[in-house]
Amino acid sequence: MTTTDATTTSAAATPDEPIYQVESLIAEDIDAYLEKHQHKTMLRFITCGSVDDGKSTLIGRMLYDSKMIFEDHLAALEADSKKVGTQGEQIDFALLVDGLTAEREQGITIDVAYRFFATEKRKFIVADTPGHEQYTRNMVTGASTAELAVILIDARKGVLTQTRRHSYLTHLLGIRHIVLAVNKMDLVDYDQKVFDDIVADYRAFADSIGIGDFTAIPISGFKGDNITTNSENTPWYSGTTLMNFLETVELDQTLDQQRPFRMPVQRVTRPNLNFRGFAGTIANGVLKPGDKVRVLPTNRTSTVARIVTFDGDLEQAVVGQAVTITLEDEIDCSRGDVLVLDESPAETADHFECHLVWMDDAEMLPGRSYWLKIGTQTVSAQFERPKYQVNVNTMEHVAAKTLGLNAIGVVTFSTDKPIVFEPYAQSHDLGGFIVVDKMSNATVAAGMVHFALRRSANVGWQPLEIDRAHHARMKHQRPAVLWLTGLSGAGKSEVANELEVQLARMNRHTFLLDGDNIRHGLSKDLGFDDADRVENARRLAEVAKLMADAGLITIVSSISPFRTERDTARELIGDGEFMEIFVDMPLEEAEKRDAKGLYAQARAGELAHFTGVNSPYEAPTAPDVRIDALTTSPKDAAAEIIARLIP
């Protein structure tokens, strides 16, 4: 053994030697780093703007500069840049974010891409949102949870339509902090005049939509100018770098803690007989044991006993924390309810005005029943015709009958029961909602509540002494709604007439609501497009319900082409008193029997929105009664229906 070896061995065997001190220091540094990282604040932000403004490149550059790329990822990035990149032999940072094959092939962003990175001061989640107009719905999705928006502008192009659209949406969604990143300054030789002109143009637009303040930064996502350090290429700019602004901007959480306590209940936990807690994420405010709380919408009150978490009970819970709350009293509280401070409760209502962003290819159908999800509440909602649609270029309020894909409008809507809410400006959790199609379960819109309409507070339900049951007893019958649906010419009216005749012979009290006759009065203001057909079906259902309340057997004969509206009528009237009757006749045969010649006019293009030709008919999938109109006479059909109605 050499002297060097002996010395090394001796050192390794002596605990007080420097090598052990180094290991101890390394362990302490790791613990300190993890502790510091755990308590860093988190900022969620988005990048948005028009097509090819450099959003993905900017995020890629930020990931690269913050050392958040592993060596194998960097090697893959360099290989992909040579293969499918747009920057020649240099690294194409956009490929770090654009992961879809279609995105790489076209050099655009299609879906929302989320990326995580951290600096010494803060953690970040950034959403890279697409710039194409057809993917505006994806941009709204990314912006819905963001506190800050980086709106990029190509220095060569200036303020474009999508710049205005995305700016309007970020303002509408309540994003308080906006960075105007004038990108690709390297392609305009870092010209200060170009930058100043773009900022002036954007400021004029921002003032017109209510954006009072924004931070403008000249950058180059590709070259890295003014991203993490001030660039020598822009000596005329003395402001903050983008990264410094992101690290120091005030978070919304600070303001949310100052607002009254709100927690939508997500779940009731009962692990044993001795524990009953209400779990959820605190949306606003601060809560402590001993605070008096109210359960909305039931208005029951109690006192907080414990605030339970996986790591133990808390002496105080703040906004953003997921907790389980136990109460001193056994009161009714379930998913969808909202816990609030007793001294400052939220509002409840069932009729509202809102901003609505429509995100589905199929246009909004006023009067149709949709699912509406707000907080943890899910209710049935109907939207009325828009008050107006917003032209994002001019901010002009445009008259609109409905809303199509990517349209933004102000709309009123009503829910089937009161919901707990706050204006979106005060609470994103209790003021923002999504709209879901009942048939497809697709999310079709996002909305922001402005306020409740006066009807909610001023109009209540007046109890009556003579109720539905009394009307039914007087008539010695069970009320019902017999809803006949089918193509034009299938024979609905003939069956409905025969049905009423046979019921009259049995001394039953009836009324027939015929689709054609209704068009002469109740629905004479409606046309035949999808939206008007939805509204016509809604009116028929409401009238049929009133007649059923009067104890009548109500017969409805209407094409009513959409399943959703027939299902809504069933929900309104009650499954036990609603009977869907499908008068089934093939389209070809219905055309042959068409005495009015309506099918021929529709085929010739003379009649628009005609069901079965240029407007859809959604046949019932499981009707209560199916009448084969080819083989069954109206008399036999009526007898079959009565046999089901009166066993």
Exercise. With a 3.5 Å cut-off and no angle check, do the side chains of Arg122 and Thr41 form a donor-acceptor pair?
Worked result: yes
Exercise. Does the side chain of Leu356 reach to within under 4.5 Å of the side chain of Phe383, using non-hydrogen atoms?
Worked result: yes
Exercise. Taking the six-membered ring where the residue is Trp, are the ring centres of Phe433 and Phe413 under 6.0 Å apart?
Worked result: yes
Problem set entry | Minimum-distance pair of heavy atoms, taken over all atoms of Arg385 and Leu526 | NH2-CD2, 3.9 Å
Exercise. Ignoring hydrogens and geometry, is there a side-chain-to-backbone donor-acceptor pair from Thr415 to Pro418 under 3.5 Å?
Worked result: no
Exercise. Are the charged groups of Arg533 and Asp529 less than 4.0 angstrom apart, N to O?
Worked result: no
Exercise. Can you find a side-chain donor-acceptor pair between Thr119 and Glu247 that sits under 3.5 Å?
Worked result: yes
For this session: Taking all non-hydrogen atoms of both residues into account, name the closest pair between Val357 and Val140 and its distance.
Result: CG1-CG2, 4.1 Å
For this session: Would you mind reporting whether Val390 and Val398 have side-chain heavy atoms less than 4.5 Å apart?
Result: no
Problem set entry | From Leu296 atom CG to Gln377 atom CD, the distance as rounded to the nearest 0.5 Å | 9.0 Å
Exercise. If we ignore angles and hydrogens, is there a donor and acceptor under 3.5 Å between the side chains of Ser167 and Tyr202?
Worked result: yes
Exercise. Going by atom types alone, do Glu384 and Thr412 pair a side-chain donor with an acceptor below 3.5 Å?
Worked result: yes
Exercise. At their closest point, which heavy atom of Val420 faces which heavy atom of Pro297, and how far apart are they?
Worked result: CG2-N, 3.8 Å
Exercise. About how many Å separate CE of Met364 and CG of Leu403, when rounded to the nearest 0.5 Å?
Worked result: 4.5 Å
Seminar exercise, completed: For His351 and Ser414 the tightest heavy-atom approach is CD2-CB, 3.9 Å
For this session: With Asn226 as reference, evaluate Thr234, Thr240, Asn233 under the side chain to side chain donor-acceptor pair (under 3.5 Å) test and give the passing residue.
Result: Thr234
Problem set entry | Closest non-hydrogen atom pair, Pro345 against Val340 | CA-CG2, 3.8 Å
Exercise. Are Leu148 and Phe245 close enough, and set up right, to give a side chain to side chain contact (heavy atoms under 4.5 Å, CB included), and what steps lead you there?
Worked result: CA-CA 11 Å; Leu148 180 146; Phe245 185 84; 3.6 Å; yes
Problem set entry | CD1-CE distance between Ile217 and Met185, expressed to the nearest 0.5 angstrom | 12.5 Å
Exercise. Can you say whether the rings of His450 and His355 are parallel (under 30°), tilted (30 to 60°) or perpendicular (over 60°)?
Worked result: perpendicular
Exercise. Is the closest basic N to carboxylate O distance between Asp532 and Arg538 below 4.0 Å?
Worked result: no
Problem set entry | Carboxylate-amine/guanidinium proximity below 4.0 Å for Asp225 and Lys223 | no
For this session: Tell me, with the steps shown, if Asn183 and Ile153 meet side chain to side chain contact (heavy atoms under 4.5 Å, CB included).
Result: CA-CA 6 Å; Asn183 195 21; Ile153 293 180; over 6 Å; no
Exercise. Mind checking whether Ile46 and Val150 have side chains closer than 4.5 Å, heavy atoms only?
Worked result: no
Exercise. Is there a side-chain contact between Tyr168 and Thr170, using heavy atoms and a 4.5 Å cut-off?
Worked result: no
Problem set entry | Rounded distance (nearest 0.5 Å) linking atom OG1 of Thr376 with atom CE of Met263 | 9.0 Å
Problem set entry | Side chains of Leu287 and Leu341 in contact at under 4.5 Å (non-hydrogen atoms) | yes
Exercise. With distance as the sole test, does Asp189 use its side chain to make a donor-acceptor pair with the main-chain N or O of Asp191 at under 3.5 Å?
Worked result: no
Problem set entry | CZ-CZ distance between Arg44 and Phe116, expressed to the nearest 0.5 angstrom | 11.0 Å
Problem set entry | Shortest non-hydrogen contact between Val286 and Phe261, atoms and distance | O-CB, 3.8 Å
Exercise. Step by step, would you call Leu365 with Thr402 a side chain to side chain contact (heavy atoms under 4.5 Å, CB included)?
Worked result: CA-CA 7 Å; Leu365 295 179; Thr402 183; 5.5 Å; no
Exercise. Does any pair with a residue in residues 429-445 pass side chain to side chain donor-acceptor pair (under 3.5 Å), and if so which ones, sequence neighbours excluded?
Worked result: Ser369-Lys438, Ser380-Lys438, Asp437-Ser440, Lys438-Glu571
Exercise. Is the closest side-chain heavy-atom distance between Asn244 and Thr248 below 4.5 Å?
Worked result: yes
For this session: Could you tell me how the ring of Phe117 sits relative to the ring of Phe124: parallel (under 30°), tilted (30 to 60°) or perpendicular (over 60°)?
Result: parallel
For this session: Go through the steps to decide whether Val265 and Val338 satisfy the test side chain to side chain contact (heavy atoms under 4.5 Å, CB included), and finish with yes or no.
Result: CA-CA 6 Å; Val265 176; Val338 180; over 6 Å; no
Exercise. Taking the side chain from Gln321 and the backbone from Val318, do they hold a donor-acceptor pair closer than 3.5 Å?
Worked result: yes
For this session: State, with a plain yes or no, whether a side-chain heavy atom of Pro386 is found less than 4.5 Å away from one of Val411.
Result: yes
For this session: May I have the step-by-step check of salt bridge (charged side-chain N to carboxylate O under 4.0 Å, His left out) for Lys193 and Asp197, ending in yes or no?
Result: CA-CA 6 Å; Lys193 186 177 185 305; Asp197 288 347; 2.8 Å; yes
Exercise. Is His609 reaching over with its side chain to a backbone N or O of Phe528, donor-acceptor style, under 3.5 angstrom?
Worked result: no
Exercise. Okay, side chain of His177, backbone of Phe45: is any donor-acceptor separation there less than 3.5 Å?
Worked result: no
Exercise. Between Asn536 and Ser523, do the side chains contain an N or O donor and an N or O acceptor separated by less than 3.5 Å?
Worked result: yes
Exercise. Between the side chains of His428 and Glu422, does any donor sit under 3.5 Å from an acceptor?
Worked result: no
Problem set entry | Sub-4.5 Å side-chain heavy-atom contact between Tyr114 and Val126 | no
Exercise. Say you draw a straight line from CD of Glu363 to CG of Leu405; how long is it, rounded to the nearest 0.5 Å?
Worked result: 11.0 Å
Problem set entry | salt bridge (charged side-chain N to carboxylate O under 4.0 Å, His left out) between Arg368 and Glu565, worked out | CA-CA 6 Å; Arg368 168 164 286 186; Glu565 277 56 63; 2.9 Å; yes
For this session: May I ask you to decide if Tyr424's main-chain N or O and Ser427's side chain share a donor-acceptor pair within less than 3.5 Å?
Result: no
Exercise. Below 6.0 angstrom between ring centroids: does that apply to Tyr388 and His397?
Worked result: yes
Problem set entry | Ring geometry between Phe195 and Trp236 (parallel below 30°, tilted from 30 to 60°, perpendicular above 60°) | tilted
Exercise. Within the side chain of Asn230, is there an N or O that forms a donor-acceptor pair under 3.5 Å with the backbone of Gly239?
Worked result: yes
For this session: Go through the steps to decide whether Phe352 and Phe451 satisfy the test ring pair (Phe, Tyr, Trp, His ring centres under 6.0 Å), and finish with yes or no.
Result: CA-CA 6 Å; Phe352 309 88; Phe451 48 78; 9.5 Å; no
